[in-house]
Amino acid sequence: MSILARIKSFLGMEAKPDKDASKEEVEKVAEEKAKPRIGYIHLSGCTGDGMSLTENYDILAPLLTDMIDIVYGQTLVDLWEMPEMDIALVEGSCCLQDEHSLHELKEVREKAGLVVAFGSCAATGCFTRYSRGGQQAQPNHESFVPIADLVKVDLAIPGCPPSPEIIAKTVVAAINGDMDYLAPMMDLAGYTEACGCDLQTKVVNQALCIGCGTCAMACQTRALSMTNGRPELNENRCIKCGICYTQCPRSWWPADRIKQDLGL
Ligand code: SF4
Ligand code: SF4
């Protein structure tokens, strides 16, 4: 099922004969719909993404009381059995040697309308990409992958952690069926092989870099610096979170359209 179909299904629009419902119709149905059930699933993550959700201080109370119901989450809800959910925020990558995580991820996909890779570990693997095993008490736990390698992911919110604002806005956009806002998140669901080197290969080498420095400012490990107006990567510092590339104002630029307009 496409992401748009999932959101329409979530909003109760699947029975409508008009499959191309207008934005106004989606918003109207969203207003009338009961509060969405949100689950927070914690795989191989550090809980930083969940912490960032709770740091929506100014809107957290109305978000939790008026807009959504948190129905599942080991650190938030005292419930062992996973219920049906509208949106599942999955934090952390998935360890291929951990059967419990594999089963939990499969169950999330079966029980959630929208599966969101919540934070860079879930979206790109982030620093768990460097896991090699050999540590007590589970020395065989050595292979960690982004969740999209194992199940269909509808949206990704990279970040280590993502900002509180983008978490809240993404949830609200999913509730309202705001496809314009969600479009980059949908694209990012396929961006699992993140690296600071993406700036060189996908932006600078494509003649798209404008030297704005956003990538270097966004990098939380200072793996990037600006040299002669272009980003330079210190690979030893890169944790493969993907934030530099997703924050770059030229990363999701419509290159084909630019070439077409320039007659290239
Ligand atoms: S954010 Fe993008 S456009 Fe700006 S300096 Fe970095 S690579 Fe160039
Ligand atoms: S360069 Fe920095 S922001 Fe980019 S992927 Fe590496 S750690 Fe993340």
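Start at 1 and go down the list; that is how both ligands and their atoms are numbered.
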Can you give each donor-acceptor pair under 3.5 Å made by side-chain atoms of residues 217-228, sequence neighbours left out, with the distance rounded to 0.1 Å?
residue	atom	partner	partner atom	Å
Thr221	OG1	Arg237	O	2.9
Thr227	OG1	Glu232	OE1	3.1

If you draw a sphere of radius 2.8 Å around atom 2 (Fe) of ligand 1, how many protein N/O/S atoms end up strictly inside it? 1

Is the distance from atom 6 (Fe) of ligand 2 to some N, O or S atom of Cys238 under 2.8 Å? yes

Who else is in Ile239's hydrophobic cluster (ILVMFWY, side-chain heavy atoms under 4.5 Å, direct or via others)? Phe127

Tell me if the CD atom of Glu99 is crowded by more than 12 foreign heavy atoms within 6.0 Å. no

For atom 8 (Fe) of ligand 2, grab the closest protein heavy atom and report residue, atom and distance to one decimal in Å. Cys241 SG, 2.3 Å

Return yes when Gly242 approaches ligand 2 closer than 4.0 angstrom through a heavy atom, no otherwise. yes

Can you sort out which atoms of ligand 2 are near Leu233, meaning under 4.0 Å from one of its heavy atoms? 1 (S)

Near Met226, which atoms of ligand 1 are under 4.0 Å from a heavy atom of that residue? 5 (S)

Quick one, Ile166 and Met185 - any side-chain contact, counting heavy atoms below 4.5 Å? yes

Looking at Glu142, I want to see if its CD is surrounded by more than 12 non-hydrogen atoms of other residues, nucleotides or ligands under 6.0 Å. yes

May I ask you to identify the nearest protein heavy atom to atom 7 (S) of ligand 2, giving residue, atom name and distance to one decimal place in Å? Ile239 N, 3.3 Å

Going from NZ on Lys240 to CZ on Arg129, what distance comes out if it is rounded to the nearest 0.5 angstrom? 9.0 Å

Could you tell me, atom by atom, which parts of ligand 2 come under 4.0 Å of a heavy atom of Leu224? 1 (S)

Quick one: do the Thr47 and Glu91 side chains pair a donor with an acceptor below 3.5 Å? no

Does anything in residues 196-215 form a side-chain hydrogen bond (donor to acceptor under 3.5 Å, both in side chains)? List the pairs, not counting sequence neighbours. Tyr191-Asp198, Gln200-Asn205

Is there a side-chain contact between Leu64 and Ile70 in this structure, where contact means two heavy atoms from C-beta onward sitting under 4.5 Å apart? yes

Run the numbers for me: atoms of ligand 1, each under 4.0 Å from some heavy atom of Gly211, listed by number. 5 (S), 8 (Fe)

In ligand 2, the atoms that come under 4.0 Å of a heavy atom of Cys219 are 1 (S), 2 (Fe), 3 (S), 7 (S)

Hey, what do you get for OG (Ser101) to CD1 (Ile147), rounding to the nearest 0.5 Å? 11.5 Å

Taking atom NZ of Lys169 as the centre, does the number of heavy atoms from other residues, nucleotides or ligands within less than 6.0 Å exceed 12? no

Please state whether Arg230 comes within less than 4.0 angstrom of ligand 1, counting heavy atoms only. no

